[in-house]
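Just below is one structure, and these are the notes that go with it.
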Amino acid sequence: MIAPVPDLWSVHARLARCYGAQTKWWPGRENPFEVIAGAILTQRTTWTNAGRAIRRLREAGVLTVDAMAALDVDELAELIRPSGFYRAKAGALKAFCDLLGRSFGGDLRRLLRLPTEALRAQLLTVRGIGDETADAILVYAAERPSFVIDAYARRLLGRLGIADPNDSYRSLQGRFMDALPREAELYADAHALIVRHGQLHCRAEPMCAGCPLRDVCASCAATSHVEGTKA
DNA sequence: AACCAGGAATGTA
DNA sequence: TACATTCATGGT
């Protein structure tokens, strides 16, 4: 029995029904600079570790553009150590502050007012900010509809038979953006749902028992005999 | 005690 | 374009 290939809109609906709306998923979303710092600090690490780094920055009083711009990179690196890759991430944070100072008078709001594609391009000039981080910033700090593709999203597309996980970032992003209305809050919710679902079921080592996408997931179908659920 | 987690940059062919 | 390597901490 071949699982039918679902459309992404119905997948989102099913994840939303299963896990509920994820409106408060990104920590500290009220503060754009904190979102940007978080987007960099959470690269290839858990939010537990990124959260520690954020907390240390706040406690040191350097979770603002001006304070961070004035801080020595090595001290910054030391503060964010718990998030891993701390030298690279300190460099990225500083590079972002430099961009603000150099081109936007140190005013984050001015940067965030740029048209979406121009803003994305500016973010990508920062060493340490790539496609995923740029889109996370666009969605969660600038409230623009630019779909975030992460390891979970790639995996999901692959297991649903919608796309090859190794396809280019932009290509995979297009799959979502062609299927879902281009609304920032929807994309914020959808990305959060994908992560949530990924952490529960769609990992490198899948945990298919109770997966809400069972009937359309190749990985789940392959493990159905283990569950004893005979179609 | 190996293995993994919500990436990105760089180098090579 | 495709693939390997490097960066690093913390939880299981």
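Throughout, protein chains are lettered first and strands after them, A, B, ... in sequence-line order, and every chain is numbered starting at 1.
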(request) Please figure out whether A:Leu124 or A:Tyr140 has its closest DNA chain B nucleotide nearer the 5' end. (result) A:Tyr140

Tell me the interatomic distance from [X], atom [atom1], to [N], atom [atom2], rounded to whole angstroms.
{"X": "A:Glu132", "N": "B:dG7", "atom1": "CD", "atom2": "P", "answer": "5 Å"}
{"X": "A:Arg196", "N": "B:dA5", "atom1": "CZ", "atom2": "P", "answer": "17 Å"}
{"X": "A:Arg154", "N": "B:dA5", "atom1": "CZ", "atom2": "P", "answer": "15 Å"}
{"X": "A:Asp131", "N": "B:dG7", "atom1": "CG", "atom2": "P", "answer": "13 Å"}

Sugar-phosphate, base or nothing in reach of [X], heavy atoms under 4.0 Å:
{"X": "A:Ile129", "value": "sugar-phosphate"}
{"X": "A:Phe85", "value": "base"}
{"X": "A:Ser83", "value": "nothing"}
{"X": "A:Gln199", "value": "base"}

(request) Find out whether A:Ser146 and A:Gln173 are in side-chain contact, i.e. whether some heavy atom of one side chain is under 4.5 Å from a heavy atom of the other. (result) yes

(request) For residues A:Gln43 and A:Gly128, report the shortest heavy-atom separation together with the two atoms involved. (result)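 Nearest heavy atoms, A:Gln43 then A:Gly128: NE2-O, 2.9 Å.
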
(message) What's the gap between B:dA1 and C:dC7 when it is taken at their P atoms, as a whole Å value?
(response)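 Between the two P atoms, the distance is 24 Å.
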
(request) Tell me, please, the opening and closing nucleotides of DNA chain C, 5' to 3', among those with an atom under 4.0 angstrom from a non-hydrogen atom of chain A. (result) C:dC7 to C:dG11

(message) With a 4.5 Å cut-off on side-chain heavy-atom distances among I, L, V, M, F, W and Y, is there a chain of contacts connecting A:Trp47 to A:Leu93?
(response) no

(request) Enter the distance from A:Leu79:CG to A:Met68:CE here, rounded to the nearest 0.5 Å. (result)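 It comes to 8.5 Å.
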
(request) Using the side chain to side chain donor-acceptor pair (under 3.5 Å) rule, take A:Tyr187 and A:Asp135 through it: C-alpha gap first, then chi angles, then the decisive distance, then the call. (result) CA-CA 10 Å; A:Tyr187 287 10; A:Asp135 286 326; over 6 Å; no

(request) Hey, which sits more toward the 5' end of DNA chain C by its nearest nucleotide, A:Tyr86 or A:Thr48? (result) A:Tyr86

(request) Cation-pi check, A:Arg29 to A:Tyr140: give yes when NZ or CZ is under 6.0 Å from the six-membered ring centre and within 45° of the ring axis, no otherwise. (result)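 So A:Arg29 doesn't make the cation-pi contact.
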
